[in-house]
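In the text below, chain A, chain B and the rest are named by the order of the sequence lines, each starting its count at 1. Computed from a predicted model, the values in this text were never measured in an experiment.
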Number of protein chains: 2
Amino acid sequence: MAQRFRHPAEYYTDPENSIGYLARVVFRSFSRLLERGTLTHDVSAGQWRFLRQLWRQDGITQRELSERVGMREPTTVVALKSLEAAGFIRREKTDTDKRKTYIYLTPHAKRLELVLAPMNAEIHEIATRGMTDAEVATLQAMLRRVVENLADETRTLSVLSDVQA
Amino acid sequence: MAQRFRHPAEYYTDPENSIGYLARVVFRSFSRLLERGTLTHDVSAGQWRFLRQLWRQDGITQRELSERVGMREPTTVVALKSLEAAGFIRREKTDTDKRKTYIYLTPHAKRLELVLAPMNAEIHEIATRGMTDAEVATLQAMLRRVVENLADETRTLSVLSDVQA
DNA sequence: TCGGAAAGGATAGTATTCTAAGGACGTGAG
DNA sequence: CTCACGTCCTTAGAATACTATCCTTTCCGA
């Protein structure tokens with residue numbers, strides 16, 4: 001049980017050393033700056049996240065959309081309600097499987113991609129100011145690595161509690 | 001107006017390329033894993049963030065605490081209410097400045113540091129599994145850089161809107 | 001010294017997200 | 001064929017965080 005830690009616990013008392021803290025600040029700053037732009041088109045940051053996925057591909061189910069956006073399904077339900085009320089999407093049911101709901105963008109929402117998608121690129125420019133392309137690529141790769149590591153752990157824990165159940 | 005972007009807007013349609021998205025996923029995964037541990041001591045992830053700062057130094061004002069935690073003041077007010085109700089902190093007023101409220105940890109909360117602070121180190125171990133110390137240091141440095149870049153931009157925008165107001 | 005501005009904190013109202021639980025539909029083993 | 005289980009979506013209730021606004025107290029310049 002001689003677990004070697006990279007740093008002692010005291011090291012992380014400074015949030016500036018904590019990846020979790022830094023990720024939170026990055027996420028929130030990103031969100032807020034992005035929303036400054038999108039709100040002029042009556043799109044909130046939360047709605048934008050769903051639109052981004054739907055711009056890539058619409059006509060998918062809510063569950064599929066939830067996974068791609070990285071939100072739980074109740075969150076998606078609420079978000080889609082607001083998107084539907086705002087006239088950005090419509091839902092469609094089929095007879096082949098009456099459980100599923102397919103989400104489609106309205107023409108209005110499709111047109112918005114031209115205006116709103118570049119805003120994310122712009123925030124990226126600001127966020128990575130003064131960094132080389134290689135540095136940015138490294139940052140992305142390492143963040144993906146962290147995401148994967150944490151997802152692995154979450155899966156492991158889920159399996160364990162499944163077994164216990 | 002020949003603004004050169006690092007990548008075209010299409011590049012960011014894949015969230016895996018978006019630092020904002022990656023930061024959100026990292027933050028949430030971190031939070032959730034941490035909470036798995038802290039909840040056994042009746043501490044939520046939100047409360048933990050305030051406790052971490054108070055472990056470093058208590059007896060500070062609410063405003064000071066808000067800044068260190070990186071939350072707005074109304075959020076701090078609510079969080080402190082729950083921390084007070086749970087018996088983790090007490091508030092104190094002085095006569096020198098009747099506006100200020102100073103926050104102190106209870107002995108119970110101080111003891112919790114020994115148990116709860118290492119949990120963050122543990123999540124870090126998991127999150128950075130398979131990465132070298134140098135890589136982790138690079139990741140932290142780059143995240144700090146992004147935080148700073150975004151904060152600069154936010155400041156600039158605030159000044160602009162102050163001028164307009 | 002006194003009146004307006006600033007500082008510290010609280011309240012109200014809203015948005016976002018989660019967990020837990022429930023309901024309708026589909027499927028497959030016996 | 002049927003019923004138990006799985007899938008897909010929804011509802012209910014709570015936690016977390018925000019913006020906008022207000023109250024009290026303090027400070028400072030004319």
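- The outermost nucleotides of DNA chain D lying under 4.0 Å from heavy atoms of chain B, listed 5' to 3', are dT16(D) to dT26(D).
- For the pair L33(A) and T154(B), the minimum side-chain heavy-atom distance is below 4.5 Å.
- At a threshold of 4.5 Å between non-hydrogen side-chain atoms, the residues F50(A) and I89(A) do not count as touching.
- DNA chain C lies under 4.0 Å from at least one heavy atom of each of the following residues of residues 73-104 of chain B: E73(B), P74(B), V77(B), K81(B), R91(B), R99(B), K100(B), T101(B).
- For D14(A), the side chain to side chain contact (heavy atoms under 4.5 Å, CB included) criterion is met by E16(A), N17(A), R56(B), not counting sequence neighbours.
- In summary, R68(A) and E64(A) engage in a salt bridge, as defined by a charged side-chain N under 4.0 Å from a carboxylate O.
- For E153(A) and R129(B), the salt-bridge test passes: some basic side-chain N is under 4.0 Å from an acidic carboxylate O.
- With a cutoff of under 4.0 Å to any heavy atom of chain A, the contacted region of DNA chain C is bounded 5' to 3' by dT16(C) to dG26(C).
- Against DNA chain C, the stretch residues 40-52 of chain B makes no heavy-atom approach under 4.0 Å.
- Taken residue by residue, residues 62-71 of chain B places heavy atoms nearer than 4.0 Å to DNA chain C at Q62(B), R63(B).
- For the pair A109(A) and F88(A), the tightest heavy-atom approach, listed with the atom from each and the gap, is CB-O, 3.2 Å.
- The backbone N or O of Q62(A) lies less than 3.5 Å from no partner atom in the side chain of T76(A), so there is not a single donor-acceptor pair.
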Kindly indicate, with the supporting measurements, whether the criterion side chain to side chain contact (heavy atoms under 4.5 Å, CB included) is fulfilled by V146(A) and L139(B). CA-CA 10 Å; V146(A) 169; L139(B) 173 57; 3.9 Å; yes
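- In this structure, the side chains of L22(B) and V26(A) stay at 4.5 Å or more apart for every pair of heavy atoms.
- Under a 3.5 Å cut-off, the side chain of T38(B) and the backbone N or O of V43(B) do form a donor-acceptor pair.
- Residues D152(B) and I126(A) form no side-chain contact, since every pair of their non-hydrogen atoms from C-beta on lies 4.5 Å or further apart.
- Counting non-hydrogen atoms of neighbouring residues, nucleotides and ligands closer than 6.0 angstrom, the NZ atom of K98(B) reaches no more than 12 such neighbours.
- Between the side chains of R49(A) and S31(A), at least one donor N or O lies within less than 3.5 Å of an accepting N or O.
- A pairwise comparison of heavy atoms in E35(A) and A45(A) identifies OE2-N, 2.9 Å as the closest pair.
- Annotation: side chain of H124(B) is not in contact with side chain of R6(A) (no heavy-atom distance under 4.5 Å).
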